[in-house]
Amino acid sequence: MKVIWKIALLLVILLGLFYLMDTRVKENEPLESPVKHGTAIPVPEKQLNSQVVGAERPDQGLSIFVGKTTEQLIKTYGDPDRIEPSAYGYEWWIYLDDPYFMAGVSGEQVNQVFSADSQVNMSPFTIGQDVNQVYRSTIIESEVDVQLGSNLYMFSLKSEDIANRALVKFKDLYAQVYVDEEDAKIEGIRFIEPKTLVIHQPYDMEYSGEMISISPPSASIQMEVDRAMERQVFELTNEYRKNHGLTELKNDYWLGVLAREHSKDMALENYFSNESPSTGTLSDRLKTSGFVHRKAGENIAFNYVDAIEAVHGWLNSSAHRQVLLDSDFSHLGTGVYGKYYTQDFIQNENKKKENLNLNTE
């Protein structure tokens, strides 16, 4: 009889350990953009020299629409599934299926296109392509210039930039090649016209002449921008997961509210951490909000140009990548407040909505 009780006790202990392991919560260190935006350096005392001669523009693929009218885009792909604002004055046209891509639109002109869909023609590159093939056939420089009238802007790429988001110059067109460093494959491509690239300032930059400035969005427009980026972060996350053979995550409204509140809390209380001074850790927040889960994870980021850059940053940070590409997770909530981005993941989501205690105002 004593043996039976010992065995039963051992089983209880093992089951308890198994449960604790399965309810683990993964919180990573915050990820900040490697580029300090708004810190472009004027160099009036010297003349920057144009160094890179742009290759001929691709004559096929999605890039041919950059610089063309929206009428031409609609003629080929139809009306977008969504049109939503950006923080830079242009709109994003979102095409969700067959194929998935995003087009930036200023007025009636396309200023950029982005896709992570392997079914999209992103000539001369291919989503999923071995990046070493690109390095062998394409000039990759650490300094790339943009000439706008009498003004010259010079981007300086760090070694990590060249490794995972190289900038390639064509005539009146630039390509940002987003690479999965671990797999050494192209994960996404953004073709962008010169002026919009300078406005974004996605790399360290010096300039000679006048700096291009844009007015920040009003409070109401910024709220729309935040909601738009939340949708984009969610969709890009699933696109990257699909590229890695993983199941897509389901969008959870209340988990999104939880993520949004954390981004808002960081912005208003001026801190940058997974742990809030007022609401505690992710585990605390999930418990307070009534979420029941077996496993959870959180990624946060700050000061990235947009959703494309933020999700790519997470992909190439080892700890954040583990959460982003975790096959166990089933649901995702995304929250954006200004330059603060939060992703909250859970496995086997089974929450009691009547217990949720979230301030959604």
Side-chain angles (χ1 to χ4, degrees), residues 52-77 80 86 88-96 99-129 131 133-135 137-141 144-148 153 155 157 161-162 164-180 185-203 205 212 232 235-236 239-240 243 304-312:
V52 180
V53 177
E56 290 295 326
R57 286 187 60 149
D59 58 5
Q60 59 176 308
L62 197 61
S63 70
I64 67 172
F65 293 100
V66 178
K68 292 187 177 180
T69 65
T70 53
E71 181 181 357
Q72 293 167 294
L73 185 64
I74 292 172
K75 187 179 296 184
T76 302
Y77 292 103
S86 77
Y88 303 97
Y90 57 80
E91 294 178 326
W92 279 116
W93 285 26
I94 310 296
Y95 289 82
L96 292 176
Y100 163 81
F101 70 92
M102 302 165 60
V105 173
S106 298
E108 295 183 354
Q109 188 174 64
V110 178
N111 62 42
Q112 62 187 301
V113 291
F114 168 85
S115 185
D117 188 339
S118 61
Q119 302 304 310
V120 179
N121 183 349
M122 300 300 283
S123 178
F125 311 109
T126 304
I127 305 300
Q129 180 181 6
V131 72
Q133 296 176 356
V134 177
Y135 293 151
S137 61
T138 307
I139 297 175
I140 306 293
E141 298 282 356
V144 181
D145 68 281
V146 177
Q147 183 86 47
L148 294 175
Y153 308 86
F155 291 110
L157 279 66
D161 294 327
I162 294 174
N164 66 52
R165 55 189 192 110
L167 182 62
V168 180
K169 181 178 181 180
F170 298 92
K171 290 184 177 178
D172 300 319
L173 180 73
Y174 293 79
Q176 289 182 270
V177 183
Y178 295 100
V179 176
D180 180 341
K185 293 182 179 180
I186 295 178
E187 197 73 29
I189 301 287
R190 187 197 312 241
F191 290 103
I192 186 167
E193 59 92 25
K195 182 179 178 181
T196 306
L197 179 64
V198 171
I199 290 172
H200 281 184
Q201 295 182 49
Y203 310 93
M205 190 177 81
I212 300 175
Q232 292 165 21
E235 290 159 2
L236 288 167
E239 198 67 27
Y240 279 17
N243 288 349
Y304 281 87
V305 169
D306 54 20
I308 296 169
E309 293 272 341
V311 175
H312 183 71

Kindly determine whether K169 and D145 satisfy side chain to side chain contact (heavy atoms under 4.5 Å, CB included), including the steps that lead there. CA-CA 8 Å; K169 181 178 181 180; D145 68 281; 3.1 Å; yes
List in chain and number order the residues that pass side chain to side chain contact (heavy atoms under 4.5 Å, CB included) with [X], two or more places apart in sequence or in another chain; answer none if no residue qualifies.
X: K68; answer: I64, Q72
X: A310; answer: Y304, Y341
X: E239; answer: Y100, A116, D117, K242
X: E71; answer: T69

Strictly distance-based, threshold 3.5 Å: is any side-chain N or O of [X] a donor or acceptor partner for the main-chain N or O of [Y]?
X: Y153; Y: P194; value: no
X: E141; Y: V144; value: no
X: H200; Y: K195; value: no
X: T196; Y: I192; value: no

Enter the distance from E187:CD to N164:CG here, rounded to the nearest 0.5 Å.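 Reported value, rounded in 0.5 Å steps: 11.5 Å.
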First locate atom CG of L96, then atom CE of M102, and finally report the distance between them rounded to the nearest 0.5 Å. 10.0 Å
Show your reasoning for whether side chain to side chain contact (heavy atoms under 4.5 Å, CB included) applies to Y178 and I189. CA-CA 6 Å; Y178 295 100; I189 301 287; 5.9 Å; no
Sequence neighbours excluded, which residues qualify as ring-ring contact (aromatic ring centres under 6.0 Å, His included) partners of Y240?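 For Y240 there are no ring-ring contact (aromatic ring centres under 6.0 Å, His included) partners, ignoring immediate neighbours.
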Donor-acceptor contacts under 3.5 Å from residues 103-114 side chains, at least two apart:
from, atom 1, to, atom 2, distance (Å)
S106, OG, N111, ND2, 2.7
Q109, NE2, G67, O, 3.0
Q112, OE1, R190, NH1, 2.9
Q112, NE2, Y90, OH, 2.9

Using the benzene-type ring in the case of Trp, are the ring centres of F65 and F191 under 6.0 Å apart? no
Would you check, one step at a time, whether the test side chain to side chain contact (heavy atoms under 4.5 Å, CB included) holds for K185 with Q129? CA-CA 5 Å; K185 293 182 179 180; Q129 180 181 6; over 6 Å; no
Give me the atom names and distance for the closest heavy-atom approach of P58 to P124. CG-CD, 3.5 Å
Of all the heavy-atom pairs spanning S63 and L173, show the shortest one and how long it is.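 Looks like CB-CD2, 4.1 Å.
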[X] vs [Y] side-chain heavy atoms within contact, under 4.5 Å:
X: N121; Y: L62; value: no
X: Y174; Y: L167; value: yes
X: F101; Y: I94; value: no
X: Y135; Y: V177; value: no
X: V134; Y: I186; value: yes
X: H312; Y: D180; value: no
X: S115; Y: Y95; value: no
X: D161; Y: F155; value: no

Please determine whether side chain to side chain contact (heavy atoms under 4.5 Å, CB included) holds for the pair Q176 and L197, giving the CA-CA distance in whole Å, both sets of side-chain angles, and the decisive distance to 0.1 Å. CA-CA 10 Å; Q176 289 182 270; L197 179 64; 4.3 Å; yes
Output yes when E309 and R165 qualify as a salt bridge under the 4.0 Å nitrogen-oxygen rule, no when they do not.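 Salt bridge: yes.
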